[in-house]
There are 2 protein chains.
Amino acid sequence: MYAEHTGDPDRAAAPHQDDAWPADAPHPCESWPDNGRTVRETLDRIGDKWSVLVIGILSRGPLRFSALQQRVPGISQRMLTLTLRHLERDGVVSRTVYAEVPPRVEYQLTPLGESLRTIVHALAQWVTDHHEEIESARRRYDAG
Amino acid sequence: MYAEHTGDPDRAAAPHQDDAWPADAPHPCESWPDNGRTVRETLDRIGDKWSVLVIGILSRGPLRFSALQQRVPGISQRMLTLTLRHLERDGVVSRTVYAEVPPRVEYQLTPLGESLRTIVHALAQWVTDHHEEIESARRRYDAG
DNA sequence: CTGAATCCCTATGGATACTG
DNA sequence: CAGTATCCATAGGGATTCAG
C-alpha cells in the first residue's frame, strides 16, 4: 500500500496489509491502532516477570503462600506478594484468609483467572517446545 | 469448597496437587520446579513491554520499520529497534535490508515466530474480551 | 528512512530485617 | 506462616540528538 517511492516501482506483491488471513479466524491483531494502549495496559499485568508462572501454578488448584513460593523457583517473598496483590486486584486471583493459629492464606484462580488457563498453558508449552530452538538462535546471532 | 479449617486435621479433599486435570491435556504447568528458570528466561523475551504487540502486528505479514512504528501505538523508535533486535536474536523475527536510495528494511516473522501466532492471537483476544472485566475488578479492589 | 548513541528518570525487583 | 518495610542496584524505557 505504501507506494513505490523513490527509485523502484516494483514490490507490488507485498503479502501484507489488510488482506491476508483467508480462511483463518478474525482477531484483534490486525493493528491495535488506538486499542493498543488498552492491550498494553492489560498485557503489562500478566506480562510482568512472575504472573504467568504464578497463574500456571495456580491453574492446578488453590495453594497457600508458602506452597506457591516453593513451586515458583526463583521468586522472592516480596515479589510473590506483589504479584499476588496485582493479580488479585485484576480479579484474576482470589485470596482467602483463615483465622487460624498459624495464619493460613490460600490463593486460587477466579473464573476470570481460569479463562487464562488455556493461554498460559499454551505459552508454557510453547516455551518448552521451542526453548532449544531459541537458545541456538541466540548462539547463532551472537556468533555471526 | 475448602473445608471449615481452623482446628481441622482434615482438608484432604484439597483439589490440588498432582492429580487433577482428568480429561484435559498434559502440560508443563504442573510445577516448573527447576524448569522454572528456563521458562522464565524465555518468557522474559516475549514478556517484555512490546514484543507481543510487535509479533501480533507482524503476524499479518512483513512490514518495514516505519510502518511497524505506526501500528504499535506508543512505541518509541528506540524501543522498536531494541524489541526487533531481541526478537531477531531469538529467531522469532527476520530482518531484510534492501540496498535502496532511502534505506528500506523489512521485518517478518520466521517460522518460529509464526508458531507463536496462535498464542499471541489468543492473548490479544483474551485481553480484548476481558479488558472491561479487569477494569471493573480494579475499581472494585481500589474501592473496597 | 533506519537506526545508533546519549542522557536521565522510573519501575522492577533482590536482600534483608521486622511484625502479627 | 504470611506478610510489611527499607535499602539499594539495575533494567526498562522515554526524549533527544546524531549519522549512514
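Note: hydrogens, waters and symmetry copies are ignored here, and every other heavy atom, side chains too, is used. In the text below, chain A, chain B and the rest are named by the order of the sequence lines, each starting its count at 1.
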- Message: Would you compute the distance between atom CD of B/Q69 and atom CZ of B/R64 and round it to the nearest 0.5 angstrom?
- Response: 12.5 Å
- Task: Tell me, please, which residues at least two apart from B/A122 pass side-chain contact (heavy atoms from CB on, under 4.5 Å).
- Result: A/I119
- Donor-acceptor pair, side chain of A/T110 and main chain of A/G91, under 3.5 angstrom: yes
- Report the residue (A/D44 or A/F65) whose heavy-atom-nearest nucleotide on DNA chain D is the more 5′ of the two. A/F65
- Describe, as an angle rounded to 10 degrees, how the axis at the first end of the helix from C/dC1-D/dG20 to C/dG20-D/dC1 is tilted relative to the axis at the last end, five pairs per end. 40°
- Item | A/V93: side-chain contact (heavy atoms from CB on, under 4.5 Å) partners, not counting sequence neighbours | A/L58, A/L84, A/L87, A/Y107, A/L109
- Query: Rounding to a whole Å, what distance do you find between B/L80:CG and C/dA5:P?
  - Reply: 17 Å
- Task: Among residues two or more places apart or on two chains, list those pairs meeting ring-ring contact (aromatic ring centres under 6.0 Å, His included) that have a residue in residues 47-90 of chain B.
- Result: none
With 3.5 Å as the limit, what N/O pairs link the protein to nucleotides 17-20 of chain C?
none

- Message: Just to verify, what does A/T83 make a side chain to side chain donor-acceptor pair (under 3.5 Å) with, not counting sequence neighbours?
- Response: none
- Item | Short side-chain N/O contact from B/T81 to OP1 or OP2 of C/dT2, under 4.0 Å | no
- Applied to residues 122-139 of chain B, the salt bridge (Lys or Arg N to Asp or Glu O under 4.0 Å) test, sequence neighbours excluded, yields A/D90-B/R138
- Query: When we call it a touch if two heavy atoms are under 4.0 Å apart, what does A/Y107 touch: a base, just sugar-phosphate, or nothing?
  - Reply: sugar-phosphate
Any N/O pairs under 3.5 Å between the protein and nucleotides 12-14 of chain C? List them or say none.
| from | atom 1 | to | atom 2 | distance (Å) |
| --- | --- | --- | --- | --- |
| C/dG13 | OP1 | A/K49 | N | 3.4 |
| C/dG13 | N7 | A/R78 | NH2 | 2.6 |
| C/dG14 | OP1 | A/K49 | NZ | 2.9 |
| C/dG14 | N7 | A/R78 | NE | 3.4 |
| C/dG14 | O6 | A/R78 | NE | 3.3 |

- Message: Could you work out, with side-chain contact (heavy atoms from CB on, under 4.5 Å) as the rule, every residue matching B/L82, not counting sequence neighbours?
- Response: B/R78, B/M79
- Go through DNA chain D in 5' to 3' direction and return only the first and the last nucleotide with some atom under 4.0 Å of chain A's heavy atoms. D/dC1 to D/dT6
- For B/E88 and C/dT2, give me the distance from atom CD to atom P, rounded to whole Å. 15 Å
- Message: Tell me which pairs pass ring-ring contact (aromatic ring centres under 6.0 Å, His included) where either residue lies in residues 124-144 of chain A, with sequence neighbours left out.
- Response: A/W126-A/H130
- Query: Is a side-chain donor or acceptor of A/S51 paired with a backbone partner of A/G47 at a separation under 3.5 angstrom?
  - Reply: no
- For B/I46 and B/V52, work out which heavy atoms get closest and say how close. O-CG2, 3.2 Å
- Note on the structure: A/D44 meets the side-chain contact (heavy atoms from CB on, under 4.5 Å) criterion, sequence neighbours left out, with A/R40, B/K49
- Just how far is it from atom OG of B/S66 to atom CD of B/Q77, taken to the nearest 0.5 Å? 11.5 Å
